[in-house]
There are 2 protein chains.
Amino acid sequence: MSCSQEYTPQLRARGYRMTPQRHAILHVLSHSGKHLSPGEVYAKAQKQVEGLTEATVYRTLEFLAENGLARPSHIGSGHLVYEIANHEHHHLKCRNCGDEMEVEHSLLKTMYQKLESASGYQLTDSHVTFFGLCPDCQKSEDV
Amino acid sequence: MSCSQEYTPQLRARGYRMTPQRHAILHVLSHSGKHLSPGEVYAKAQKQVEGLTEATVYRTLEFLAENGLARPSHIGSGHLVYEIANHEHHHLKCRNCGDEMEVEHSLLKTMYQKLESASGYQLTDSHVTFFGLCPDCQKSEDV
DNA sequence: TTCCTTATTGCAAGTTTTTGCAATAACACA
DNA sequence: TGTGTTATTGCAAAAACTTGCAATAAGGAA
Ligand SMILES: [Mn+2]
Ligand SMILES: [Mn+2]
Ligand SMILES: [Zn+2]
Ligand SMILES: [Zn+2]
């Protein structure tokens with residue numbers, strides 16, 4: 001399966017081009033299945049594309065995010081990580097131990113509608129991280 | 001009003017110290033009333049503290065955030081900005097024109113509860129940015 | 001007030017991320 | 001299949017952010 005080749009028409013339709021660099025980066029993202037930092041993407045994609053640059057990786061990740069093929073995420077720490085954009089979801093992260101879980105978008109559905117009618121904004125899919133204490137860390141909290 | 005002096009006891013109680021650097025940075029944050037980048041904070045605080053370093057600004061902002069006195073925020077762009085922590089709120093940002101508005105936390109209240117019972121997590125105040133199209137940009141979207 | 005402990009800072013050297021620009025290569029079209 | 005337009009890349013330099021460490025100073029105790 002040429003996996004990321006399916007993205008070519010999407011890019012073409014918007015006047016953009018498919019390149020070996022973009023192909024490799026899409027490949028890396030879609031096979032990893034988790035959030036990757038630009039550095040991690042670079043390390044993996046480099047093996048497929050001779051002479052790939054870090055600058056290109058940064059630019060490409062931002063490009064893919066702008067065009068809806070990748071999703072950027074702030075999982076704490078102030079550093080962006082990326083993942084392939086397939087299913088719409090959000091995250092819960094423990095401030096104490098760093099544990100992290102996914103949340104179905106459906107749980108936020110009605111809240112999104114409330115936000116939309118209250119603000120007039122039309123919400124597109126965000127990819128949000130909520131912070132809190134995981135069940136385990138709540139227990140150890142009771143000194 | 002010595003404004004940020006009121007934070008001293010909060011720091012002491014946790015075994016930390018109030019310093020001219022922290023005082024100045026708190027002062028800058030609490031008087032600006034909006035999100036500031038580390039660079040902006042540095043530029044303003046520098047005028048009050050001789051020899052203030054950028055490294056100190058970065059460390060201090062992170063420190064204040066960890067201790068609940070400042071709130072970090074990702075308003076798109078992958079770069080952290082900070083604001084003083086007073087009222088709990090979130091943001092709506094237009095992907096097209098960059099317009100931005102605040103959202104009361106109360107609008108997310110029931111969704112937070114739903115998340116908590118579904119996950120077992122105990123949510124602390126996040127400071128979330130949702131993306132979408134503002135009313136104006138929705139109109140111009142209809143080509 | 002003075003002394004002591006240690007949290008905090010500045011410095012300087014890393015690392016990461018961004019940017020301008022000229023060279024390259026997709027790909028539309030002849 | 002060849003050619004031209006221009007989106008995309010690599011390069012190199014800049015800007016933003018992080019880190020280790022020794023010097024400094026906050027503030028508790030005497
Ligand atoms: Mn995710
Ligand atoms: Mn805010
Ligand atoms: Zn935890
Ligand atoms: Zn707008």
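We name chains A, B, ... by the order of the sequence lines, and we start the count at 1 in each one. Note that these values count all heavy atoms, side chains included, but never hydrogens, waters or copies made by symmetry.
- Contact check, Y58(B) against dC17(D): a side-chain N or O comes under 4.0 Å of OP1 or OP2.
- Inspection of the H127(A) and H91(A) side chains reveals an N or O donor paired with an N or O acceptor under 3.5 Å.
- In terms of hydrophobic clustering, with Ile, Leu, Val, Met, Phe, Trp and Tyr side chains grouped at heavy-atom distances under 4.5 Å, L36(B) and Y82(B) are assigned to a common cluster.
- As a whole-Å value, the separation of R12(A) CZ from dC27(C) C1' is 6 Å.
- The distance between atom CG of L61(B) and atom P of dC17(D), rounded to the nearest whole Å, is 10 Å.
- Ring pair H23(A)/Y7(A): centre-to-centre distance not below 6.0 Å.
- Ranked by how close their nearest DNA chain C nucleotide is to the 5' end, G15(B) and S77(B) are led by G15(B).
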Once base and sugar-phosphate atoms are separated, protein heavy atoms under 4.0 Å mark nucleotides 20-25 of chain C, 5' to 3', with B, S and - as B----B

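- Summarising the geometry, the separation between CD1 on I25(B) and P on dG10(C) is reported as 9 Å, rounded to the nearest angstrom.
- Between the CD atom of E50(B) and the C1' atom of dG10(C) there is a distance of 13 Å, rounded to whole Å.
- L26(B) places its CG atom 13 Å from the P atom of dT8(C), with the value rounded to the nearest Å.
- Taking atom OH on Y7(A) and atom P on dA26(C), their separation rounds to 20 Å, with Å as the unit.
- For the pair H79(A) and dC17(D), the criterion of a side-chain N or O lying under 4.0 Å from OP1 or OP2 is not met.
- Rounded to an integer number of Å, the gap from R14(B) CZ to dA26(D) C1' is 19 Å.
- Q21(B) has no side-chain polar atom (N or O) that falls below the 4.0 Å cut-off from OP1 or OP2 of dA25(D).
- Note: F63(B) and Y16(B) meet the aromatic proximity criterion, with ring centroids under 6.0 Å apart.
- Here E62(A) pairs with E66(A) under the side-chain contact (heavy atoms from CB on, under 4.5 Å) rule; sequence neighbours left out.
- For the pair T129(A) and H74(A), the tightest heavy-atom approach, listed with the atom from each and the gap, is OG1-O, 3.2 Å.
- Within the 4.0 angstrom heavy-atom criterion, no nucleotide atom of any strand lies near G39(B).
- Across all strands shown, G78(B) has no heavy atoms under 4.0 Å from either base or sugar-phosphate atoms.
- In terms of phosphate contacts, T56(A) brings a side-chain nitrogen or oxygen within less than 4.0 Å of OP1 or OP2 of dG10(D).
- Legend: residues meeting side chain to side chain donor-acceptor pair (under 3.5 Å) with Q46(B), ordered by chain and number and at least two apart, are Y42(B).
- Rounded to an integer number of Å, the gap from CD of E54(B) to P of dG14(C) is 18 Å.
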